[in-house]
There are 2 protein chains.
Amino acid sequence: MMTDRGSRAGLSPGEMARALREFRAVVGDAWVFSSEEDLTLYRDAYSPVRGEADERVASAAVAPVSVEEVQRIVRIAARLGVPLYPISAGRNLGYGGSAPVLSGSVILDLKRMNRILEVDEDNASVLVEPGVTYFDLYRFINEKNLKLWIDVPDPGWGSLIGNALDHGGGWTLNPFRDHFGAHCGMEVVLANGDVVRTGMGALPGSGTWQQNRYGVGPFIDGLFAQSNFGIVTKMGFWLYPAPEAFCSGEVMASNRDDIHEFVRITAQLANAGIVNSAVMIRSPLLYAGLRDADTGAALASSDRQSDAEWNRIARSKQLPSWATTLHFYGPPAVIAAQWEHAKQRFSVIQGIRFEEGPRYHFPLAQPNAEAVLDKSALGIPNLSVFSMGARSENYPDPAVGHLSFSPIIPMSGAALLQAHRVFASAVREWDIAPLGFGAGFCMYPRCLVFLFTLPLSQDESHNRRTRAFFSHLIKLAAQHGWGEYRAHPLFMDEITDVYSYNGHALRRLQERLKDALDPEGILAAGRYGIWPQHLRSGRG
Amino acid sequence: MMTDRGSRAGLSPGEMARALREFRAVVGDAWVFSSEEDLTLYRDAYSPVRGEADERVASAAVAPVSVEEVQRIVRIAARLGVPLYPISAGRNLGYGGSAPVLSGSVILDLKRMNRILEVDEDNASVLVEPGVTYFDLYRFINEKNLKLWIDVPDPGWGSLIGNALDHGGGWTLNPFRDHFGAHCGMEVVLANGDVVRTGMGALPGSGTWQQNRYGVGPFIDGLFAQSNFGIVTKMGFWLYPAPEAFCSGEVMASNRDDIHEFVRITAQLANAGIVNSAVMIRSPLLYAGLRDADTGAALASSDRQSDAEWNRIARSKQLPSWATTLHFYGPPAVIAAQWEHAKQRFSVIQGIRFEEGPRYHFPLAQPNAEAVLDKSALGIPNLSVFSMGARSENYPDPAVGHLSFSPIIPMSGAALLQAHRVFASAVREWDIAPLGFGAGFCMYPRCLVFLFTLPLSQDESHNRRTRAFFSHLIKLAAQHGWGEYRAHPLFMDEITDVYSYNGHALRRLQERLKDALDPEGILAAGRYGIWPQHLRSGRG
């Protein structure tokens with residue numbers, strides 16, 4: 001099926017040459033790329049099919065510098081039937097990089113549109129173009145000495161717009177760390193070249209484009225996230241007014257079945273806004289098992305162990321069964337009271353332990369900022385996550401990339417235990433060692449992401465097996481009601497396929513929207529399982 | 001134009017009779033209403049055109065009890081071309097009540113679908129049908145003794161779903177008081193009778209329908225707010241875990257030009273989540289002017305007064321120029337620290353004064369709850385807002401209803417002053433006395449709503465003038481970049497018309513969506529300026 005799709009860009013060499021000529025007339029010769037060397041940069045560096053027939057590759061790339069150029073390119077593409085694949089900064093490693101879903105597509109690379117158009121310090125918002133990265137905005141804020149914080153994903157080199165549109169998230173407070181949820185106002189070029197501003201942006205001279213996201217009438221912004229209905233050329237974001245201070249604390253529970261009360265209290269504190277940072281609920285015991293042969297052996301069948309056995313190992317290793325790190329941001333007296341309250345709430349769990357973490361007062365002097373261990377928690381963009389899977393004592397055979405598996409599971413101890421059991425058993429059965437296994441992230445509010453990654457290698461047979469395992473995981477998760485929130489293009493059909501209520505009513509609706517908004521089917525064919533009409537019949 | 005539209009329901013008496021026969025076969029004779037007496041209940045009690053030719057009236061009403069019945073009714077309507085106007089509980093006074101935008105429409109009354117389907121106390125969420133009101137949910141929570149709070153609008157008799165879909169808001173914390181923003185998951189019946197579940201609801205057995213709103217792919221929920229693209233039959237909402245305590249405080253500034261710093265600090269505290277309640281920035285001096293002839297005379301031209309003159313009156317009357325009430329919810333030590341911090345921040349304004357407000361510890365005993373003055377601030381549904389415009393010492397000639405004018409203005413002192421000047425001058429020019437004039441509500445985060453209402457009477461000539469003034473206000477606001485977030489059906493075309501960027505690109509897009517989702521144009525024709533193709537040509 002994939003190979004089939006990959007070859008279906010549908011233009012003859014002559015037609016493509018004509019399209020590129022017309023694109024050059026819009027952006028200039030320097031900004032249309034079609035050499036092998038140039039196109040290599042658009043290949044997915046973490047591709048699970050790198051070098052294989054199934055790899056999705058672009059036929060060319062075009063990089064406009066303005067909305068007007070985007071409009072003209074889109075009109076040419078609609079007229080000539082050129083499949084476009086818009087990207088912002090083109091990162092998104094682990095979820096497909098900058099390679100298209102449909103091989104042969106022309107990458108519409110928006111990196112040159114990299115202006116920070118407006119910053120409102122008093123009301124803490126920003127309006128940016130797609131090429132603006134978290135590093136760019138952080139640098140800009142520092143240079144201007146603005147009292148604003150940004151929320152950054154791991155890693156921070158990506159585009160604010162690109163990350164938000166793929167539903168990326170970060171580590172600081174709500175609502176900022178849900179990057180799409182923290183947006184306010186869009187400008188979108190539609191497949192017919194028309195340009196739309198949403199919310200208050202539709203009202204000339206409103207001054208509230210970044211203040212009120214709804215405007216009047218239907219709120220259409222969500223249509224343009226994880227879709228192929230339009231090209232977002234501007235987007236506003238709400239920022240966090242620089243806090244006065246930060247404190248953090250570790251909460252650790254001894255016994256396996258403490259997890260129920262542990263998650264319940266965490267959820268209540270988070271839902272009440274008392275703990276407002278991203279929370280990762282992890283098992284230090286299981287982590288030790290991944291690193292240390294002795295603990296690993298003891299835990300080899302942890303998913304089948306009784307609570308008593310598990311607790312015995314935890315005690316003998318002097319490791320908590322569960323732990324989480326809480327971050328607090330704000331005036332010193334407020335955050336001290338929040339942390340005290342959290343400790344008091346968790347104290348109903350027998351044997352619960354607390355450990356005070358780092359405390360900071362802001363602004364940090366620059367050298368101090370560099371020394372901070374957990375930069376993401378302080379809204380400082382960084383690339384330290386790339387150490388994951390790199391050559392180290394633990395991973396002598398480094399990965400050349402990874403696939404991120406990101407199922408959403410309920411925010412409950414029962415779900416977390418069950419996810420651990422189900423996936424641990426699958427991992428043992430397939431004998432594949434994931435990275436970062438066993439934690440539930442509360443990146444979005446109210447639910448957990450049971451995220452882990454599968455390392456890729458230069459060995460095609462290993463990658464083939466990993467892909468088969470990934471497909472297995474998607475089905476296994478769906479059997480338990482867990483669906484992925486995001487995925488690599490290679491698996492977009494499979495992960496959207498399990499959202500099947502009422503004969504895939506949601507997808508049928510999405511396809512009707514696709515046909516209405518992009519009748520020629522030129523935008524990002526296949527993105528998140530949405531295909532234009534002429535390619536739809538090929539779907540499983 | 002309006003009369004024209006009002007008569008365009010387009011069915012002959014025979015066709016309508018056939019439709020009602022078919023509807024009766026679905027819901028039973030008792031649940032199709034067509035007598036004059038029954039239809040009176042669906043008239044807008046606050047209509048600005050009551051009894052006039054322009055009044056929008058229904059031709060019949062049908063009240064299904066289940067999603068399946070809704071699907072069957074919609075399929076009949078699509079086949080026979082019957083315009084439907086779906087309502088939830090049918091309140092929304094000031095914004096049109098339960099009357100249709102297009103006269104002759106059949107009201108699809110969802111009040112019988114009034115089940116509270118699921119409540120998750122641990123993760124603080126609820127799944128309801130359209131007929132569930134704030135009173136219903138409050139009673140349910142109290143009876144079951146659940147540790148959950150709801151956010152209620154003024155007044156509390158409406159439907160959670162209806163209010164959220166019209167972008168209603170309340171008075172407690174973010175994100176709960178943005179009622180649409182606090183939703184999670186929808187079930188929608190489309191115009192073709194298909195039923196769609198959004199977000200994680202599309203994944204059978206997910207258990208996270210009310211935990212993760214995005215699911216995977218485009219996030220389409222916004223399409224169904226303030227639109228006519230589908231009929232929402234279920235909707236989830238996030239609730240607030242019952243807080244431990246409440247405290248409040250009044251902040252008062254002396255001088256007129258304190259407003260700049262006053263709003264700046266309020267915004268920063270709100271954007272940082274330190275002040276998390278709805279904030280109303282009001283002028284006690286102006287309010288006194290509305291009530292007291294002496295102050296009123298002194299302020300008669302307040303919009304043209306110099307700051308010095310204004311300040312002199314404020315001093316002589318011993319009234320603050322500006323004031324706001326801050327509400328804090330949470331653990332006692334946390335909210336005490338938040339209020340202390342707020343006071344410290346506001347203290348940079350010379351002469352600022354603070355007054356401690358009520359403090360409560362929860363749960364309140366029921367008699368105490370009844371005695372609370374500001375019930376909405378504590379999430380207790382009530383109807384006290386209906387005293388507005390009633391016969392009183394201040395309003396000896398009571399209104400028989402009102403029109404709500406709700407422009408969004410920037411969150412800044414300059415915008416608030418300018419809005420006051422512009423609208424005060426219009427009010428003087430037209431000699432029309434609005435209710436609740438002069439305050440900026442931060443109901444939604446990050447912006448202000450400069451909401452005031454125009455009283456209606458039993459005198460048609462008064463109402464005619466009021467309508468002309470309302471149309472004038474819409475245009476006047478738009479000249480300053482202020483647009484309404486919500487409106488009475490009579491003015492939906494006018495208020496959406498000012499959202500005109502790029503030749504009404506947004507509306508053109510909405511119309512394409514309308515044509516794709518409701519090709520027969522049977523759903524809520526004209527709602528928020530979106531008309532089906534066959535009625536579109538009539539628009540201004």
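Labels below follow one simple rule: chain letters A, B, ... track the order of the sequence lines, proteins then strands, and each chain is numbered from 1. Every value quoted in this text rests on a predicted model; they were computed, and no experiment measured them.
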Side chain, backbone, both or neither: which part of [X] has an atom under 4.5 Å from a heavy atom of chain A?
X        : answer
B:Pro445 : both
B:Asp221 : neither
B:Leu239 : backbone
B:Phe180 : both
B:Tyr528 : side chain
B:His480 : backbone
B:Trp149 : neither
B:Ile335 : neither
B:Asn192 : side chain

State, to 0.1 Å, how close [X] and [Y] come at their nearest heavy-atom pair, and which atoms those are.
X        : Y        : result
A:Val195 : B:Ala505 : O-CB, 3.3 Å
A:Pro410 : B:Gly207 : CG-O, 4.1 Å
B:Ser125 : A:Arg446 : N-NH1, 4.4 Å
B:Leu506 : A:Ile220 : CD1-CD1, 3.5 Å

Quiz item: What about the rings of A:Tyr214 and B:Tyr444, do their centers lie closer together than 6.0 Å?
Solution: yes
Quiz item: B:Pro204, B:Pro243, B:Ala333, B:Ser412: which one forms the most heavy-atom pairs within less than 4.5 Å of chain A?
Solution: B:Pro204
Quiz item: Are the side chain of B:Asn123 and the backbone N or O of A:Ala267 linked by a donor-acceptor pair below 3.5 Å?
Solution: no
Quiz item: Taking A:Val216 as the fixed residue, which of B:His167, B:Arg486, B:Gln226 is the one that meets the side chain to side chain contact (heavy atoms under 4.5 Å, CB included) rule?
Solution: B:Gln226
Practice problem: First locate atom CZ of B:Phe224, then atom CZ of A:Phe219, and finally report the distance between them rounded to the nearest 0.5 Å. | Solution: 14.0 Å
Quiz item: Where do A:Thr208 and B:Leu448 land on the side-chain contact (heavy atoms from CB on, under 4.5 Å) test, with the steps shown first?
Solution: CA-CA 9 Å; A:Thr208 49; B:Leu448 294 173; over 6 Å; no
Self-check item: Structural part of A:Glu484 lying under 4.5 Å from a heavy atom of chain B
Solution: backbone
Exercise. Examine whether an atom of A:Gln510 lies under 4.5 Å from a heavy atom of chain B, and if so say whether it belongs to the side chain, the backbone or both; otherwise answer neither.
Key: side chain
